[in-house]
Amino acid sequence: MAKKLISSVRGMNDILFDKTPIWQYVETAIKQVLDSYGYQEVRLPILETTELFSRSIGEVTDIVEKEMFSFIDRNGDNLTLRPEGTAGCVRAGIQHGLFHNQTQKLWYIGQMFRHERPQQGRYRQFNQIGAEVYGLKGPDIDAEIILMTARFWRQLGLNNLTLQINSLGSVEARTVYKQKLVDYLSDYYEQLDSDSQRRLRTNPLRILDSKNPQMLPIIAKAPQLLEYLDTESQEHFSQLRELLDKVGIKYQINPCLVRGLDYYNRTVFEWVTDCLGAQGTVCAGGRYDSLVEQIGGKATPAIGFAMGIERLVLLLLQSDLPIPTNSPDIYLILVGNEQVINHGWCLAESLRDALPNLRLVVNCGDGSFKSQFKRADKSGAKLALVLAEDELANQKIALKYLREKRPQVILEQSELINYLKNLD
RNA sequence: GUGAGCGUAGCUCAGUUUGGUAGAGUCCCGGAUUGUGAUUCCGGUAGUCGUGGGUUCGAGUCCCAUCGUUCACCCCA
C-alpha cells in the first residue's frame with residue numbers, strides 16, 4: 001500500500017528554515033559589498049548548450065569529461081546544467097554586445113551542478129556568487145577584485161581565511177613551461193604516484209598541487225613557473241603585489257597554485273581555510289584574457305572569481321559569530337470567543353500598518369493560555385501580547401516580556417503602537 | 001570513479017559481541033489550584049530496525065546484494 005518514498009537527488013540538498021537566515025545573511029552582506037564597488041547584477045540561465053562549456057573550460061578537464069549533467073532535450077540539442085558561472089556570463093556578454101568598446105563589472109548568484117561524489121563542502125548542486133570584469137587589462141583591476149573579496153570576509157566577520165596568489169603568465173609562456181615540467185617529471189616517471197602519472201598526460205601543472213607527501217621532494221626540485229614568465233606578465237604580477245602591499249592586504253605567493261580550468265592566465269588567486277577539511281578553497285578566481293575570443297567574441301581582457309556559499313555558511317556555523325535568526329518580535333495570544341479572535345486579527349493588522357518592520361505572529365488554531373504561551377516561547381518571540389475576554393471588555397491588552405525579567409504590563413489598546421515604537 | 005565508517009521513533013542514539021515479544025533521551029500532545037511559557041513531576045502519540053534476498057523453528061542481530069549517507073582520495077567553489 002505504502003508508496004516508495006521519493007527523496008531528493010543525491011548531492012542536492014534542501015535548505016530549510018533553520019538555515020535560510022544564515023544564507024540570507026551571507027548573501028545580503030556580499031551583495032552590499034558588490035554594490036558598493038559598483039558591480040551590477042546579471043541573472044543567467046542554469047541551462048546552456050554543452051558546447052559552451054567544452055569550449056571554455058577545456059575538453060580534457062575533469063569537469064567536462066566526467067562531471068557535467070548533460071542531456072539531449074526534445075529537439076535533439078545537447079544541453080548542460082552549468083558547472084560554473086563564467087562561461088555563461090561571457091556568452092551573455094557577447095550575445096548582448098556588452099564588450100563592444102566598453103568595460104563591464106558584473107556579478108551573479110546561483111546554483112551550479114557537478115556530478116561529483118558528495119562530501120563536506122562539496123555537493124552536486126551548489127551555490128556560487130561570482131563577479132566578472134571585462135575590458136580592463138591592468139593589474140589595478142586585479143587588485144580591486146582581491147580587495148573586494150577581502151572586504152567580504154571583513155563584512156561577514158570571518159578572519160580565518162588566507163590569500164594565496166600566483167601568476168600563470170601568458171598562454172605561450174605557460175606552454176613552454178608545461179613542456180619543461182613534463183620533461184622534468186618524465187625522468188621520475190617510475191617514482192610518481194598513479195594520480196600524478198595520469199595527470200602528466202591530462203593536466204601536468206596540477207601535479208605541483210599534489211597532496212601526496214611522497215611527491216614533495218620531486219616537486220620541490222621541479223622547474224618553477226614564475227621563472228618562465230614572460231616579461232609583461234612579470235611586470236603585471238609585480239605591480240599587483242605592489243598595490244596589495246600598499247593597501248595592506250596580506251598574501252602568500254604559492255607557485256604551485258594553478259587552477260583547474262584551462263582558461264586562466266596571469267593572475268590567479270585563492271582564499272583558503274583549514275577549517276573545512278578537504279574542501280578548503282572558499283573563493284577562487286583569476287584572469288582569463290583569451291576566453292572571450294575563444295567563445296567567439298572580440299578579444300577582451302577579463303578577470304573574475306567565484307565563491308561557494310555552502311562553504312561560507314559552514315565557516316560561519318563553525319565560528320563563534322552570532323548566528324542570525326528570523327524569530328518574531330511579538331507573539332499575539334488570543335483566548336476567548338469569536339469577538340476576541342476577530343478583534344485580535346484587526347489589532348494585528350493595525351500594528352502591521354503602523355510598524356512595517358515588526359515581525360508579528362498571531363496564534364492560529366485554538367489553545368489554552370498555557371499551550372499558546374508555549375507556542376509563543378518556542379517561536380522565539382521577545383514579547384507576548386495577550387488578548388482575552390477581560391482585555392476586550394476593558395479595551396486593554398497585556399504585554400509580557402518572554403526573554404527578560406520585567407513585570408507584565410497592562411496597556412490601553414490605544415497606547416500599544418506608541419509603546420512598541422518606543423521599545424527599540 | 002576508488003577506499004573506509006555509518007543507516008533502529010520527527011531528531012540524537014543504545015541494543016548487534018553470545019539470534020528469542022522494539023528501548024532511552026529529546027520533540028510533540030495532555031495534565032499537575034480551570035488566565036501565563038522557558039525549570040520540575042505524571043501520562044500519552046510515535047519505528048514493516050534503509051531496501052531486497054538468503055541461513056534458521058525464530059533475524060534489528062549472521063551471510064549476500066543493493067540504495068542512501070559521512071569522511072578521505074580525486075576534483076574544485
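So that the names make sense, note that chain A is the first sequence line, chain B the second, and so on, each numbered from 1. As the structure is a prediction and not an experimental result, all values here were calculated from the model.
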From the list [options], which nucleotide is the closest neighbour of the side chain of [X]?
X         : options                   : value
Gln119(A) : rG35(B), rC71(B), rU2(B)  : rC71(B)
Asp377(A) : rA77(B), rC73(B), rG37(B) : rG37(B)
Arg311(A) : rC75(B), rA77(B), rG68(B) : rA77(B)
Lys211(A) : rU36(B), rC74(B), rG3(B)  : rC74(B)
Tyr264(A) : rA77(B), rA72(B), rG35(B) : rA77(B)
Arg403(A) : rA77(B), rG37(B), rG1(B)  : rG37(B)

Residues Ser186(A) and Asp183(A): side-chain donor-acceptor under 3.5 angstrom: no

Can you check the [X] [atom1] to [N] [atom2] distance for me, whole Å?
X         : N       : atom1 : atom2 : result
Arg199(A) : rC76(B) : CZ    : C1'   : 12 Å
Leu402(A) : rG37(B) : CG    : C1'   : 7 Å
Gln372(A) : rA38(B) : CD    : C1'   : 17 Å
Trp153(A) : rA77(B) : CH2   : P     : 13 Å
Leu383(A) : rA38(B) : CG    : C1'   : 15 Å
Lys370(A) : rA38(B) : NZ    : C1'   : 11 Å
Arg122(A) : rU69(B) : CZ    : C1'   : 14 Å
Gln120(A) : rC74(B) : CD    : C1'   : 17 Å

Mutual orientation of the aromatic rings belonging to Phe69(A) and His115(A) [parallel < 30°, tilted 30-60°, perpendicular > 60°]: tilted

Just to be sure I understand the rule, does [X] reach a base, reach only the sugar-phosphate, or reach nothing, if contact means heavy atoms closer than 4.0 Å?
X         : value
Gly130(A) : nothing
Val335(A) : nothing
Asn212(A) : nothing
Arg375(A) : nothing
Glu67(A)  : sugar-phosphate
Lys400(A) : base
Lys378(A) : sugar-phosphate
Ala306(A) : sugar-phosphate
Gln408(A) : base
Gln111(A) : nothing
Gln128(A) : base

Indicate every side-chain donor-acceptor pair of residues 302-317 of chain A with a distance under 3.5 Å to a residue at least two apart or in another chain.
unit_1	atom_1	unit_2	atom_2	d
Glu310(A)	OE1	Asn127(A)	N	3.0
Glu310(A)	OE2	Asn127(A)	N	3.1
Glu310(A)	OE2	Asn127(A)	ND2	3.0
Arg311(A)	NE	Gly121(A)	O	2.8
Arg311(A)	NH1	Thr281(A)	O	2.6
Arg311(A)	NH2	Gly121(A)	O	3.1
Arg311(A)	NH2	Gln279(A)	OE1	3.1

Phe369(A) aromatic ring stacked with six-membered ring of rU36(B), 5.5 Å and 30°: no

Sub-4.5 Å side-chain heavy-atom contact between Gln111(A) and Leu81(A): no

Rounded to whole angstrom, note down the [atom1] distance from [N] over to [M].
N       : M       : atom1 : value
rG60(B) : rU51(B) : P     : 11 Å
rG23(B) : rU16(B) : C1'   : 14 Å
rU17(B) : rA59(B) : C1'   : 16 Å
rA65(B) : rU2(B)  : P     : 15 Å

Both distances below 3.5 Å, Watson-Crick or wobble geometry, any strand: find the nucleotide opposite [N].
N       : result
rG37(B) : none
rG3(B)  : rC71(B)
rG10(B) : rU26(B)

Test: Lys221(A) cationic atom under 6.0 Å from Tyr188(A) six-membered ring centre, within 45° of axis: no

